[in-house]
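See structure below.
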Amino acid sequence: QVQLVESGGALVQPGGSLRLSCEASGTISKIYSMAWYRQAPGKQREWVAISTHDGMIHYADSVKGRFTSSRDHARNTMSLEMSNLKPEDTAVYYCNSIVSSDVGSPNEYWGQGAQVTVSS
């Protein structure tokens, strides 16, 4: 059993900043990747940022230069620092990870989501 929990969602004014965090817990042998997705009202869920095991972090074009993600391998956490937020960034942000436990094959897990609203 593996759990992903997001924290930090809030209401923010346009141009403001916000930090989200995701923590993976449970029986974990290996984390192959951690990522952030988001889903805006009436739209499909989209990829935002991903951290692979080689330490590389990649960003979607829509957030490059504004969002920064950091991975703490020792604590099994991943943060998403967002700046210059725009109304179109309003969405539910989800943590995603591919994880293997002490038994069984790797599986994909999702967090419950964190609401980020950018509005005056």
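Residues: numbered from 1 along the sequence shown.
A distance of 14.0 Å separates CE in M56 from CZ in R71, rounded to the nearest 0.5 Å. R66 contributes atom CZ, which lies 6.5 Å from atom CG of L85 (distance to the nearest 0.5 angstrom). Of the inter-residue distances, the one linking S25 atom OG with L4 atom CG reads 8.0 Å to the nearest 0.5 angstrom. To the nearest 0.5 Å, atom OH of residue Y93 and atom SG of residue C22 are 15.0 Å apart. Here CD of E46 is found 10.5 Å from OH of Y37. Values are rounded to the nearest 0.5 Å. Rounded to the nearest 0.5 angstrom, L80 CG and S51 OG are separated by 12.0 Å.
At least one donor-acceptor pair under 3.5 Å links the side chain of E6 to the backbone N or O of G113. Looking only at distances, no side-chain donor or acceptor of S100 sits under 3.5 Å from a matching main-chain atom of S105. At distances below 3.5 Å, not a single donor-acceptor pair connects side-chain atoms of Y94 with backbone N or O atoms of Q39.
Across all non-hydrogen atoms, the minimal contact from Y59 to A49 is CD2-CB, 3.8 Å. When all heavy atoms of Q112 and V5 are compared, the closest pair comes out as OE1-CA, 3.9 Å. Residues S29 and S101 come closest through the heavy atom pair CB-O, 3.2 Å. The minimum heavy-atom distance between A24 and I31, with the atom names listed, is CB-CD1, 4.3 Å.
I98 and M34 fall into different hydrophobic clusters, defined by Ile, Leu, Val, Met, Phe, Trp and Tyr side-chain heavy atoms under 4.5 Å apart, directly or through other members. F67 and I50 sit in two unconnected hydrophobic clusters of ILVMFWY residues. Membership requires side-chain heavy atoms under 4.5 Å apart, directly or through other members.
Contact annotation: the side chain of M78 approaches that of S69 to within less than 4.5 Å [non-hydrogen atoms, C-beta and beyond]. In this structure, the side chains of I28 and N76 come closer than 4.5 Å at one or more pairs of heavy atoms. Looking at K30 and P106, their side chains never come closer than 4.5 Å, going by heavy atoms from C-beta outward. Two residues are said to be in side-chain contact when any heavy atoms from C-beta on lie closer than 4.5 Å; T90 and S119 fail this criterion.
Results of the side-chain contact (heavy atoms from CB on, under 4.5 Å) test with R38 over V92, D89, L20 single out D89 as the only residue that passes.
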| said: Does R45 form a side chain to side chain contact (heavy atoms under 4.5 Å, CB included) with N96? I'd like the steps, not just the answer. | reply: CA-CA 12 Å; R45 188 173 299 184; N96 170 274; over 6 Å; no

| Test side chain to side chain contact (heavy atoms under 4.5 Å, CB included) applied to M82 and V116, step by step | CA-CA 11 Å; M82 303 176 288; V116 174; 4.2 Å; yes

| task | Before giving the answer on side-chain hydrogen bond (donor to acceptor under 3.5 Å, both in side chains), spell out for Q115 and T117 the whole-Å C-alpha distance, their side-chain angles and the decisive distance to 0.1 Å. | result | CA-CA 6 Å; Q115 177 68 53; T117 302; 3.3 Å; yes

